[in-house]
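Worksheet: the structure to be examined is printed underneath.
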Amino acid sequence: MKANIRRATPTDAATLAELGATTFIESFGHLYIAQDLQTFLEEHHSEAAYAKALENPSYALWLAEQNGRAIGYAQAAEQCTLPHADIQQGDGEIKRLYLRADAQNSGVGRALMDIAMAWLLQHGPRTLWVSVYSENVGAQRFYQRYGFAFAGEYHFIVGDQHDREFIYRRSAS
C-alpha cells in the first residue's frame with residue numbers, strides 16, 4: 001500500500017482526533033463500557049489534546065494518508081513518561097503508532113515507525129521506550145523487530161478498568 005507520510009501540523013488536529021478515536025475503538029473499543037470509552041476518548045483523543053501535542057516542541061507526529069484519507073499516524077516524545085524506575089532524563093518514547101484496520105500489515109506502520117525512530121535518534125543513540133497492550137502480540141513482535149525487549153508492566157486505566165500494559169525498552173547500545 002502506497003501512502004504519503006508527512007509531519008503533522010496544527011491544522012491536522014481534527015484529522016488526528018478522528019483518526020485516533022477511530023483506531024483506538026477499532027483495536028480496543030470492545031474492552032470498555034461505553035461511558036468509560038467515551039470519557040477516555042474525550043480526554044486523550046480530542047482535537048484539543050492533539051492541538052496541545054502539536055504545539056509541544058518535544059513531541060512529533062506524522063500522518064499517513066492515502067488518496068486524501070488519513071490512514072495512520074505515529075507520535076514520538078523526546079522524553080519518556082512511562083512509569084518505569086529505569087527511565088532516565090533524555091530517554092525517548094514511541095507514544096502512539098496507530099493504523100486503521102484496513103491499512104494494517106501494509107508496510108505503512110513500518111514506514112511510520114522508521115520515521116519516528118529516525119527523529120528520536122537524530123542526535124545519536126539513546127534508550128527508547130514504548131508501551132503495548134499485554135494481549136496485542138502482533139504489536140509486541142513488531143516492536144521486538146526494532147530491538148525493543150520486555151522491561152516491565154503497569155496498569156493502563158480507562159474508567160474503572162485496569163488493563164495490563166507491557167513496557168518495552170530499546171537500549172542506546
Side-chain angles (χ1 to χ4, degrees), residues 1 5 8 16 19-33 36-37 40-41 43-45 49-50 53 56 58-64 71-173:
M1 173 183 287
I5 298 175
L16 287 163
L19 183 60
T22 298
T23 55
F24 189 87
I25 290 167
E26 285 178 344
S27 297
F28 309 113
H30 65 283
L31 299 172
Y32 308 110
I33 63 170
D36 287 349
L37 178 61
F40 178 83
L41 294 174
E43 182 177 345
H44 298 282
H45 291 284
Y50 284 96
N56 186 335
S58 66
Y59 286 150
L61 290 97
W62 298 269
L63 188 58
I71 60 170
Y73 76 103
Q75 179 179 357
E78 290 183 342
Q79 182 58 51
C80 181
T81 59
L82 291 170
H84 194 283
D86 293 344
I87 292 171
Q88 301 292 313
Q89 182 69 26
D91 288 357
E93 180 182 355
I94 300 293
K95 303 228 27 111
R96 293 180 179 151
L97 179 60
Y98 288 149
L99 291 171
R100 292 185 189 272
D102 62 358
Q104 293 178 5
N105 299 309
S106 66
V108 176
R110 185 173 52 251
L112 284 164
M113 183 69 169
D114 289 347
I115 290 169
M117 293 281 291
W119 183 80
L120 286 165
L121 298 172
Q122 65 186 326
H123 300 297
R126 65 176 170 163
T127 300
L128 301 178
W129 299 81
V130 66
S131 72
V132 61
Y133 178 50
S134 62
E135 295 184 30
N136 191 343
V137 177
Q140 292 168 36
R141 283 193 304 260
F142 176 84
Y143 294 123
Q144 288 168 352
R145 287 193 295 272
Y146 279 88
F148 287 84
F150 180 83
E153 63 182 80
Y154 71 105
H155 290 273
F156 184 86
I157 301 169
V158 175
D160 291 328
Q161 185 162 328
H162 294 229
D163 295 317
R164 284 179 68 208
E165 185 86 355
F166 290 164
I167 298 173
Y168 278 73
R169 169 182 44 216
R170 180 181 186 269
S171 339
S173 56

Plane angle bin for H162 and H155 - parallel if under 30°, tilted between 30 and 60°, otherwise perpendicular: perpendicular

Pair Y168 + F142: ring centers closer than 6.0 Å: no

Main-chain N/O of T81 paired to E93 side chain as donor or acceptor, under 3.5 Å: yes

Sequence-distant partners of Y133, ring pair (Phe, Tyr, Trp, His ring centres under 6.0 Å), two or more places apart: F28

M117 CE to L112 CG distance, which is reported to the nearest 0.5 Å: 13.5 Å

side-chain contact (heavy atoms from CB on, under 4.5 Å) between D86 and R169, worked out: CA-CA 10 Å; D86 293 344; R169 169 182 44 216; 3.2 Å; yes

Closest non-hydrogen atom pair, F150 against G152: CE1-O, 3.1 Å

Inter-residue atom distance L16.CG - L61.CG, 0.5 Å rounding: 6.0 Å

Least distance between heavy atoms, W129 atom then A151 atom: CZ3-CB, 4.0 Å

Residue pair D91 / H84, side-chain heavy-atom distance below 4.5 Å: no

Nearest heavy-atom neighbours spanning S58 and W119: O-CH2, 3.6 Å

Any donor-acceptor pair under 3.5 Å from Q79 side chain to Q88 backbone: yes

Distance in Å, R170 CZ paired with I94 CD1, rounded so as to fall on 0.5 Å steps: 9.5 Å

OG1 on T127 to CD1 on I87, rounded to 0.5 Å: 10.0 Å

Chi angles and distances behind the side-chain contact (heavy atoms from CB on, under 4.5 Å) call for M113, R145: CA-CA 11 Å; M113 183 69 169; R145 287 193 295 272; over 6 Å; no

Over all atoms of both residues, closest heavy-atom pair of A111 and I5: CB-CD1, 3.5 Å

Close side-chain approach of D160 and I33, heavy atoms under 4.5 Å: no

D114 atom CG: more than 12 heavy-atom contacts under 6.0 Å: yes

Any side-chain donor near an acceptor of the partner, D163 and Y32, under 3.5 Å: yes

Approximate separation, where rounding is to 0.5 Å, of Q75 CD and L63 CG: 12.5 Å

Any F148 side-chain heavy atom under 4.5 Å of Q140 side chain: no

Heavy-atom side-chain contact between Q161 and F156 under 4.5 Å: no

Derivation of the side chain to side chain donor-acceptor pair (under 3.5 Å) call for Y73 and Y50: CA-CA 12 Å; Y73 76 103; Y50 284 96; 2.6 Å; yes

Backbone of G90 reached by a side-chain donor or acceptor of R126 within 3.5 Å: yes

N/O donor-acceptor pair under 3.5 Å between T23 side chain and G20 backbone: yes

Heavy-atom pair of closest approach, residues C80 and G92: CB-O, 3.8 Å

Short side-chain to backbone donor-acceptor contact, Q104 and L99, under 3.5 Å: yes

Side-chain touch Y143/L97, heavy atoms, less than 4.5 angstrom: yes

Approximate separation, where rounding is to 0.5 Å, of E165 CD and I157 CD1: 11.0 Å

For the student: nearest non-hydrogen atoms of A64 and V108, plus distance: CB-CG1, 3.6 Å

Residues Y154, I167; criterion side-chain contact (heavy atoms from CB on, under 4.5 Å); working and verdict: CA-CA 8 Å; Y154 71 105; I167 298 173; 3.6 Å; yes

Short side-chain to backbone donor-acceptor contact, H45 and F24, under 3.5 Å: no

Side-chain (Y98) to main-chain (T22) donor-acceptor, under 3.5 angstrom: no

